[in-house]
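Here the structure comes first, spelled out in structure tokens, and everything after it is commentary.
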Amino acid sequence: MFTKQDLKQNLKEMGIKPHDTLLVHSSMKSIGEVDGGADTVLDALMEYLSEGLLILPTHTWYSMSEYHSVYDPRLEPACVGILPNLFMKRKGVLRSLHPTHSVAVYGVDSEAFIEGEENRTTPCPPGGCYDRLKERKGKILLIGVGHERNTFIHCVEEHLNVPDRLTSEPTYFKIVMSDGKIKPSFMHRHDNSVTDHISENYTKLEQAFYDRKAAVKASFGSAACILCDAQAIYEVTKDVLSHQINCLIELQTIPKEWWLTTKEHT
């Protein structure tokens, strides 16, 4: 049975600082038995990052469609687990207005971090929330999940204009604003001609991230974790894709020399 103090100690041992910007993707089940359950996990994260910014994805891509097109951030449940759904309802937590890839935030600069998400036209564009992780020298903690859940890599692919990643035509959504008014949104969604699950291929970069010190193994309760540096993840992914822009889909394995020696240095 893990306590709140145990979990805070885990965060400290990882090298996370109370002033950090931290995005958490999570599997509550992987953490094991916690005294107080999911609420204690959130307490530990929110209290530990007392001087920083805590971010959890509250994505709705699974439920939102042309047939379910109204996104109300106060009502629409997240499709990414129990912790995000509890977190976004907590006092002081704000939720962004992106109709498919929203995040919930708590702490320093939380309002500025999610500003303008109602104007995005793709899931993880330059200038959006995920891109701001890099600007803030943010960290990404994968609790009991792998890089197949590392949404930031979608952001890197958008930066690099990787082909065959988005629908050619946007979906029309309606965003319920804070004043109750409806804002139209035209959103290009994730799409690929080969696979329905683009992000499943991101695990091919796992060793590259370890070798380049962009990610390290850690633990949180019973969960095996990966702690990532957003800027470093961007750089490694960029270097690998510089050899073959769509290699994550087209190749079964990535040649090791692609991340140890970048194209421009060969």
Side-chain angles (χ1 to χ4, degrees), residues 21 23-26 55-73 76-81 84-85 87-88 94-105 113-136 138 140 142 145-177 183-203 205 228 230-231 233-234 237-238 241 245-246 248-249:
T21 294
L23 169 71
V24 177
H25 291 280
S26 59
I55 309 154
L56 268 69
T58 51
H59 298 171
T60 54
W61 49 263
Y62 186 80
S63 59
M64 297 297 294
S65 70
E66 59 187 301
Y67 308 106
H68 181 75
S69 60
V70 178
Y71 170 62
D72 187 335
E76 191 66 32
C79 64
V80 284
N85 277 289
F87 180 63
M88 68 186 185
L94 303 178
R95 189 182 190 187
S96 71
L97 294 174
H98 194 296
T100 62
H101 285 71
S102 63
V103 297
V105 292
F113 189 81
I114 61 172
E115 184 179 6
E117 288 298 282
E118 68 274 17
N119 300 317
R120 309 304 176 197
T121 58
T122 60
C124 308
C129 280
Y130 282 92
D131 191 35
R132 288 170 180 166
L133 274 177
K134 180 163 56 70
E135 295 173 5
R136 293 176 62 95
I140 302 161
L142 307 175
V145 297
H147 292 290
E148 73 282 354
R149 297 293 179 264
N150 192 348
T151 306
F152 179 72
I153 302 175
H154 282 298
C155 175
V156 179
E157 290 196 317
E158 286 203 36
H159 253 287
L160 300 176
N161 293 313
V162 178
D164 200 20
R165 288 296 184 271
L166 300 170
T167 54
S168 57
E169 297 298 325
T171 300
Y172 172 51
F173 294 118
K174 306 176 190 74
I175 301 171
V176 181
M177 305 297 286
K183 178 178 173 56
S185 169
F186 296 90
M187 180 64 55
H188 293 269
R189 311 193 69 181
H190 285 140
D191 185 57
N192 181 264
S193 58
V194 176
T195 177
D196 292 332
H197 305 286
I198 297 168
S199 61
E200 297 295 328
N201 293 279
Y202 295 163
T203 57
L205 291 168
C228 310
Q231 178 65 46
I233 292 288
Y234 174 85
T237 306
K238 176 173 68 70
L241 269 55
I245 190 68
N246 219 347
L248 295 180
I249 299 291

Donor-acceptor under 3.5 Å (Thr167 side chain, Arg189 main chain): yes
Lys/Arg-Asp/Glu bridge criterion (N-O < 4.0 Å) met for Glu117, Arg120: yes
Which atom of Ala104 lies closest to which atom of Phe87, heavy atoms considered: O-CE2, 3.4 Å
Donor-acceptor contact present, side-chain Arg149 to main-chain Val80, <3.5 Å: no
Within the 6.0 Å centroid threshold, strictly below: His98 and Tyr71: no
Name of the residue among Ile55, Val103, Ile233 meeting side chain to side chain contact (heavy atoms under 4.5 Å, CB included) with Leu133: Ile55
Spacing of SG belonging to Cys228 relative to CG belonging to Leu142, to within rounding of 0.5 Å: 4.5 Å
Working for side chain to side chain contact (heavy atoms under 4.5 Å, CB included), residues Thr58 and Thr60: CA-CA 7 Å; Thr58 51; Thr60 54; over 6 Å; no
Separation of Lys183 NZ from Asn119 CG (nearest 0.5 Å): 4.5 Å
Thr195 versus Glu200, side-chain donor and acceptor atoms under 3.5 Å: no
With Glu115 via salt bridge (charged side-chain N to carboxylate O under 4.0 Å, His left out) - residues at least two apart: none
Atom pair CG (Leu241) and CG (Asn246), whose distance is rounded to the nearest 0.5 Å: 7.5 Å
Ring geometry between His154 and His101 (parallel below 30°, tilted from 30 to 60°, perpendicular above 60°): perpendicular
Leu23 side, atom CG; Asn150 side, atom CG - distance, nearest 0.5 Å: 8.0 Å
Electrostatic pair Arg165:Glu157 at N-O distance under 4.0 angstrom: yes
Working for side chain to side chain contact (heavy atoms under 4.5 Å, CB included), residues Glu76 and Met88: CA-CA 11 Å; Glu76 191 66 32; Met88 68 186 185; over 6 Å; no
Side chain to side chain contact (heavy atoms under 4.5 Å, CB included) between Ser199 and Ile153, intermediate numbers included: CA-CA 8 Å; Ser199 61; Ile153 302 175; over 6 Å; no
Closest approach of Leu160 to Lys238 (non-hydrogen atoms, all atoms of both residues): CD1-CA, 3.7 Å
Within 6.0 angstrom of Tyr62 OH, more than 12 heavy atoms from elsewhere: no
Closest non-hydrogen atom pair between Tyr130 and Pro57, with its separation: OH-CB, 3.7 Å
Asn85 side chain to Ala78 backbone, donor-acceptor under 3.5 Å: yes
Straight-line distance of Asp191 CG to Asp164 CG, nearest 0.5 Å: 7.0 Å
Interatomic distance, His25 atom NE2 to Leu56 atom CG [nearest 0.5 angstrom]: 8.5 Å
Matching residue for Pro99 among Val70, Ile175, Val176 - test: side chain to side chain contact (heavy atoms under 4.5 Å, CB included): Ile175
Donor-acceptor contact present, side-chain Arg136 to main-chain Thr21, <3.5 Å: no
His159 and Tyr234 aromatic centres sub-6.0 Å: yes
Least distance between heavy atoms, Pro73 atom then Ser96 atom: CB-O, 4.2 Å
Donor-acceptor pair, side chain of Asp131 and main chain of Gly128, under 3.5 angstrom: no
